[in-house]
Amino acid sequence: MKYNEILDSIYWVGVNDHDTTLFESVWPIPQGVSYNSYLIRDEKVVLFDTVKETFFLDFLDNIQHLLGDKHVDYLVVHHLEPDHSGSIKIIQDLWPEIKIVGNAKTAEFIKHLFGIENIHIVADGDTISLGRHTLQFHMTPLVHWPETMMTYCPEKKILFSGDAFGSFGAIDGAVFDSQIDLDAYEDEILRYFSNIVGKYSSMVQKAFAKLKGLEIGTIAATHGPVWKADPGYVLSRYDRWSHHEAEPGIVLAWASMYGNTERMSEAVAEGIRSTGMKKIAIHDVSKIHPSYIVADIWRYKAAVFGAPTYDAKLFPPMDNLLRLLEGKRIQKRVVGIFGTYGWSGGGVKTIKEFVESLKLELVEPVVEARFSPDADYLDQCYQLGKVIGEKAQA
Ligand code: FEO
């Protein structure tokens, strides 16, 4: 298993998960996901994080392949979400002398999660020497849980970053960024960032500020490849995305029960295309999982939302998308709105309230047709597309 040595004496001992359909029971992972754990073999042996409990046997096999009968001295816990902490209790039962390392919040949470007490508590800047390697701990709370922290090893210039700089998508047969087609993989990095970490963008920025002085040659996150050939690839994207910086382009997210709002959506798309804008991600929110739409909205400068009214409120799949975006605190986007109503409004009003609550830039005209759009309404939709198409290029 030589290919799992990521740097001299530092190993990837994680697993790939193709069994889980929905990560956190919410997010589809058709390309799977990896749970990365790492091990440093020195005078003392340290393990960084574990894997989801159901993968424990494969995980143990990886560790024992490296260690034989030798045991692990330290288990550093960067994050307690069970995709990484699920095997902690079994590891502790296996090696009762193991020192579990975490911060004060880790100690609080691990007691409630697994009934584990008396962990080795570290604070910002604390170190542990393994012999030839030093572990230096950096607290990075809320990236994306309160107890999240990172470990830097100065001798090898490697950062064990937890979920930060992670991604969806299994890494089957690969470990490094250089072994992966990043052009194809980038969408899953963004979908992971926007749906899992994006809400905590300001905390990502605080983490960046804290890590500024470190010379980072390799990033070992808990999901996705080890960033060794070009750590700047993922660093620059996380930096840009956590600043809510967007690319020219537009998301057209629409819903329609009987085709009336769909015709308005087509008119909006025609207006957008009349500006020469080709980067249009068009999503029928009734059919596409919102995590893909959230990711595209995180990528592009502008978004248009169009939906009917349902039970005097916004059509439920669109409402679900907007509630998600509200939770993720998306910022700095230009937004257009259209929709339909029959005997009472509600749909367009709710989208407007969403735009106002996040202080997004609303473009005119807002188009709301009764039952079915006539030529005048379709022309307004075309105009809306034209205006937002221009803004999305800027
Ligand atoms: Fe990958 Fe937040 O656990």
Side-chain angles (χ1 to χ4, degrees), residues 12-38 47-56 58-59 75-91 100-103 105-106 108-110 112-114 116 138-151 159-172 175 185 188-204 206-207 219-227 234 237-238 241-242 291 294-295 298 324 327-329:
W12 180 88
V13 289
V15 297
N16 286 296
D17 177 1
H18 286 286
D19 298 342
T20 303
T21 308
L22 296 174
F23 186 82
E24 295 179 343
S25 290
V26 185
W27 319 107
I29 43 171
Q31 296 171 49
V33 69
S34 69
Y35 308 122
N36 300 337
S37 170
Y38 303 93
L47 188 62
F48 297 98
D49 301 302
T50 70
V51 301
K52 196 172 171 179
E53 188 181 0
T54 42
F55 293 87
F56 175 73
D58 289 339
F59 175 51
L75 169 60
V76 174
V77 178
H78 292 118
H79 177 29
L80 274 169
E81 191 165 3
D83 52 334
H84 311 295
S85 68
S87 298
I88 290 180
K89 194 75 184 80
I90 319 176
I91 290 278
I100 297 175
V101 180
N103 55 57
K105 261 304 173 212
T106 318
E108 181 190 331
F109 290 2
I110 205 169
H112 291 283
L113 268 166
F114 304 114
I116 293 175
H138 297 270
M139 302 303 123
T140 51
L142 285 167
V143 185
H144 62 124
W145 278 25
E147 85 296 1
T148 43
M149 65 181 209
M150 302 185 190
T151 303
L159 179 71
F160 298 93
S161 64
D163 275 354
F165 315 121
S167 57
F168 288 140
I171 52 172
D172 319 278
V175 175
Y185 196 70
E188 285 298 81
I189 306 175
L190 174 57
R191 199 164 64 87
Y192 178 83
F193 173 85
S194 54
N195 288 283
I196 307 297
V197 183
K199 173 180 177 172
Y200 306 97
S201 286
S202 62
M203 301 310 286
V204 173
K206 281 191 178 162
I219 295 175
T222 44
H223 300 288
V226 171
W227 298 93
V234 75
R237 278 163 179 76
Y238 263 67
W241 294 333
S242 62
S291 64
V294 168
W298 220 284
L324 263 179
K328 304 301 173 197
R329 298 180 192 157

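One-based numbering, in listed order, for ligands and for the atoms of each. The shown structure was predicted, so the numbers you read here are calculated from the model rather than taken from an experiment.
Shortest distance from atom 2 (Fe) of ligand 1 to Glu81 is reached at OE1 (N/O/S atoms only). Nearest N/O/S atom of His144 with respect to atom 2 (Fe) of ligand 1 is recorded as NE2. Distances from atom 1 (Fe) of ligand 1 to the N/O/S atoms of Asp83 are shortest for OD2. When the N, O or S atoms of His79 are ranked by distance to atom 2 (Fe) of ligand 1, NE2 comes first.
The aromatic ring centres of His223 and Phe23 sit less than 6.0 Å apart.
The main-chain N or O of Gly166 is found under 3.5 Å from a side-chain atom of Tyr238 such that the two form a donor-acceptor pair.
Closest non-hydrogen pair, Gly169 versus Tyr185, comes out as O-OH, 2.9 Å.
Because the distance cut-off is set at 2.8 Å, Asp163 qualifies as a neighbour of atom 1 (Fe) of ligand 1 through one of its N, O or S atoms. Backbone or side-chain N, O or S atoms of His223 reach atom 1 (Fe) of ligand 1 at under 2.8 Å.
A donor-acceptor pair shorter than 3.5 Å cannot be found between the side chains of Asp49 and Tyr35.
Note on ring orientation: taking the six-membered ring where Trp is involved, the planes of Phe48 and His78 are parallel (angle under 30°, cut-offs 30° and 60°).
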